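Some notes on the structure that comes next.
Keep in mind that what you see is a predicted model, and the values were worked out from it rather than measured. Below, chains carry the letters A, B, ... as their sequence lines are ordered, and counting in each starts from 1.
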Number of protein chains: 2
Amino acid sequence: MLSYTPHELIQVFPIFDESLADFIIEHGESKLFSSDEVMMRPGQFFKYAMLIVKGRVKLYREGVEGEEFFMYYLENGDACALSMLCMARNQSSTIMAVSLEETEVIMIPIQLMDSLMKNYPTWYHFVIETYRSRFEELLTVVDHIAFKNMDERLEWYLKRQASSLGNDIMLTHQEIAHDLNSSREVISRLLKKMEKNGQISMERNTIHWLGLN
Amino acid sequence: MLSYTPHELIQVFPIFDESLADFIIEHGESKLFSSDEVMMRPGQFFKYAMLIVKGRVKLYREGVEGEEFFMYYLENGDACALSMLCMARNQSSTIMAVSLEETEVIMIPIQLMDSLMKNYPTWYHFVIETYRSRFEELLTVVDHIAFKNMDERLEWYLKRQASSLGNDIMLTHQEIAHDLNSSREVISRLLKKMEKNGQISMERNTIHWLGLN
DNA sequence: TTACTAAAGTGACATATATCACAGGAAGAA
DNA sequence: TTCTTCCTGTGATATATGTCACTTTAGTAA
């Protein structure tokens, strides 16, 4: 039993209708993650679908030697597509999800999925839309690593950060390098170029996206 | 009205139950693609979900300058996850699907999706499984281009080809290079190495996967 | 057979990115 | 303040891959 009102829920998940909201409030469980908690880790087996009510979650792929590769953020109104793949055989999905801020999540037990699907058309619309948007996001990720050089990838990365977290991007060069599976020096040099081009300005620990193009 | 018997359909799509098979036979449309036909192209808007009954389809991503990047094959029993994203706004999804052999497809008009979802639980299981498997496949694709060097990617590529098309891989170095968005010379050299390592043997137009590791 | 074409092999060089080594500077701790 | 640590800048060099130029080979058509 959740402590939201249907109205509150619908504000975050506009696709939901009243009856679906009621059902979720009745049967969902609430969970609060503090900042920098690991919410999902490689090899984990999921018993819940997770809906993000508030906060921000970073999803990234881990390489066998501990490399990281940033994929996307989940924010309020999003669901974790991967947690919905929970019914999958317990294949070790090497994906990591980490909260970047305090994050409020609704957990929906997997046993309820079938009944939700059957009885709440808006639920499956929501699920399909979740898959669709993540799928498309993944495709653009593939595009960038398959076809683009690091300078363009960095630019795209910063653009995404800016649109999600605001124009003051509080990340070190090292962190950006991690996310792009590159090295700090390379990123520093490319950032320098972008600064000369007037696309960004830099401070210690922060990059200001000037968003001129 | 399709010319399959429910039994035939269920053989190809084992997850289907009798009533779903009946429904699809009654309302689906059949389409035959000959070899090397473009089945889906960038920017296309879909009015059908496509199920592959027979044949083989190659899905690849196209870069802005005409580069190619192989993603996966669809075979009998598969559905095109992307065609199921049809309800999506008409965003130009820059993906290409080309038949590699004569390919038999069932087309399900998009208007039927809601009713299928609602009335046939096995249908949404099928849809979810389609998404899930393609999503996972995409994730491993991301892994490889993000973390691996060309030699490992080539090896993985050949392994996938072998498991899908058999151990005699009838592709030229040029074609492989295209699929990996690399260049022929690089692929030739790496193949030479693999031959020395005893992983493959080579003939003109064909690579024999020896599958020793 | 001969001629032609597509596929494959190979050396030389170009480029992007990774790596190493180190220096300077800013922020925080003592 | 001084010390220390972390962030950033930068040159030198290594490596993987891409590109160019050319040769060799295998199959095919005449």
In whole angstroms, the gap separating C1' of dG9(C) from NZ of Lys193(B) amounts to 15 Å

Whole angstrom is fine here: how far is it from CG in Leu171(A) over to C1' in dC6(D)?
16 Å

Tell me what Asn205(A) touches on the nucleic acid: a base, only sugar-phosphate, or nothing, going by heavy atoms under 4.0 Å.
sugar-phosphate

Can you tell me how far C1' of dT15(C) sits from CG of Asp151(A), to the nearest Å?
12 Å

Per the atom types in the model, does the base of dC6(D) pair as donor or acceptor with the side chain of Gln174(A) at under 3.5 Å?
no

Identify whether any heavy atom of Thr172(A) sits under 4.0 Å from a base atom; if not, whether one sits that close to sugar-phosphate; answer base, sugar-phosphate or nothing.
sugar-phosphate

Ile187(A) CD1 to dC7(D) C1': how many Å, rounded?
15 Å

Looking only at side-chain atoms of Glu185(B), point me to the closest of dG9(D), dT19(D), dA16(D).
dT19(D)

Residue mapping more 5' on DNA chain D - nearest nucleotide basis, Leu190(B) or Glu203(B)
Leu190(B)

Please check the phosphate of dG9(C) (OP1 and OP2 only) for any side-chain N or O of Lys192(B) closer than 4.0 Å.
yes

Rounded to whole Å, CD1 of Ile207(A) lies from C1' of dG9(D) at a distance of 14 Å

Do Arg184(B) side-chain and dG18(D) base share a donor-acceptor contact under 3.5 Å?
no

Mark yes or no for a side-chain to base donor-acceptor pair under 3.5 Å between Arg204(B) and dT24(D), with no hydrogen or angle criteria applied.
no

Taking CG from Leu180(B) and P from dA16(D), how many angstroms apart are they, rounded to a whole number?
18 Å

Return the nearest nucleotide to the side chain of Arg189(A); candidates are dG9(C), dA12(D), dG18(D).
dA12(D)

So that I can tick it off, tell me whether Arg160(B) and Glu137(B) are bridged by a salt bridge, with the cut-off set at under 4.0 angstrom between side-chain N and carboxylate O.
yes

Let me know the distance between CD1 of Ile145(A) and P of dT17(D), rounded to the nearest Å.
15 Å

Side-chain contact check for Met150(B): nearest option of dT8(D), dT17(D), dA8(C) is dT17(D)

Do Val186(B) and Leu190(B) make a side-chain contact, defined as non-hydrogen atoms from C-beta onward lying under 4.5 Å apart?
yes

Full working for salt bridge (charged side-chain N to carboxylate O under 4.0 Å, His left out) between Glu185(B) and Arg189(B)
CA-CA 6 Å; Glu185(B) 296 91 325; Arg189(B) 282 188 258 258; over 6 Å; no

Could you tell me how far apart His178(B) (NE2) and dA6(C) (P) are, to the nearest whole angstrom?
15 Å

Salt-bridge contact Arg61(A)-Asp143(B) (side-chain N to carboxylate O under 4.0 Å)
yes

Would you kindly compare Ser182(A) and Leu191(B) by the position of their nearest DNA chain C nucleotide and give the one closer to the 5′ end?
Leu191(B)

Minimum side-chain heavy-atom gap Arg56(B)-Leu165(B) below 4.5 Å
yes

Report yes if a side-chain nitrogen or oxygen of His173(A) is closer than 4.0 Å to either non-bridging phosphate oxygen (OP1 or OP2) of dG9(D); otherwise report no.
yes

